[in-house]
Amino acid sequence: TQLLEQSPQFLSIQEGENLTVYCNSSSVFSSLQWYRQEPGEGPVLLVTVVTGGEVKKLKRLTFQFGDARKDSSLHITAAQPGDTGLYLCAGVNFGNEKLTFGTGTRLTIIP
Amino acid sequence: GAGVSQTPSNKVTEKGKYVELRCDPISGHTALYWYRQSLGQGPEFLIYFQGTGAADDSGLPNDRFFAVRPEGSVSTLKIQRTERGDSAVYLCASSLGFGGLAGVGTQYFGPGTRLTVL
């Protein structure tokens with residue numbers, strides 16, 4: 001069974017601060033995705049990283065895929081209240097359509 | 001266009017009862033997925049359809065769970081003899097299918113059905 005552990009589980013910081021969320025596994029994945037989920041809604045895809053060592057930027061969010069394709073990180077610069085939500089990483093295996101989700105990081109940005 | 005819709009949004013039932021949860025995917029999406037999300041956890045894969053057939057049902061926890069997609073569009077997740085441990089949010093997602101090097105097509109999720117078994 002492939003497991004994805006996210007840390008921290010909960011994070012509450014002031015508006016304007018920077019933060020990093022981690023997603024770790026002992027298994028290799030073909031690609032890794034990051035989602036954000038708000039209460040009462042389904043997860044929404046933010047990014048997909050495919051190549052080991054890949055870095056992708058989405059405005060204030062920076063995503064990195066580990067060289068060995070077992071881990072990933074999400075860094076948010078100058079956090080804003082609109083960044084509040086549940087952040088989920090999900091691993092993908094080539095040729096297999098199902099997503100293996102991580103345990104989630106619940107982020108709260110305090111104005 | 002419309003996104004993935006799920007009905008009902010909330011379902012409260014008693015232990016031992018039968019329930020059906022419905023998912024309407026995005027028009028034209030051939031792939032449909034069901035996931036279950038327990039409180040405070042990430043979604044857990046249940047089953048994946050490509051067209052009318054179940055391509056992977058390895059996530060269904062036991063034979064009380066069954067899903068169908070008879071015409072390749074709408075899907076119904078059926079749970080027999082519900083137990084309190086079945087309480088969760090059941091999420092449905094759809095996609096255009098194979099995603100090339102990324103390994104999976106972008107999955108678009110519905111808002112989920114919150115099932116509570118008393």
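Model, not experiment: these values are computed from the prediction. Below, chain A is the first sequence line, B the second, and so on; all start at residue 1.
Remark: the B/Gln37 side chain and the A/Gln37 side chain contain an N/O donor-acceptor pair separated by less than 3.5 Å.
For NZ of B/Lys11, the number of neighbouring non-hydrogen atoms (other residues, nucleotides, ligands) closer than 6.0 Å is 12 at most. The neighbour count for A/Arg36 CZ, taken as heavy atoms of other residues, nucleotides or ligands under 6.0 Å away, is above 12. Around the CG atom of B/Leu118, the shell of radius 6.0 Å holds more than 12 heavy atoms that belong to other residues, nucleotides or ligands. Atom CZ of B/Phe66 has 12 or fewer neighbouring heavy atoms from other residues, nucleotides or ligands inside a 6.0 Å radius. The 12-atom threshold is exceeded at CD of A/Gln14, counting heavy atoms of other residues, nucleotides or ligands nearer than 6.0 Å.
Scanning both residues, B/Leu91 and A/Pro43, for their nearest heavy atoms gives CD1-CD, 4.0 Å. For the pair A/Leu88 and B/Gly42, the tightest heavy-atom approach, listed with the atom from each and the gap, is CD2-CA, 3.8 Å.
Between the CZ atom of B/Phe109 and the CG atom of A/Leu99 there is a distance of 5.5 Å, given to the nearest 0.5 Å.
Proximity to chain B (any heavy atom under 4.5 Å) is restricted, for A/Leu86, to the side chain, taken from C-beta onward. Neither the backbone nor the side chain of A/Phe29 comes within contact range of chain B, judged by heavy atoms closer than 4.5 Å.
Between B/Tyr35 and A/Phe101, the distance separating the two ring centers is shorter than 6.0 angstrom.
For the disulfide (SG to SG under 2.5 Å) condition, the pairs that include at least one residue of residues 59-111 of chain A, sequence neighbours left out, are A/Cys23-A/Cys89.
At a threshold of 4.5 Å between non-hydrogen side-chain atoms, the residues A/Lys98 and B/Ser58 count as touching.
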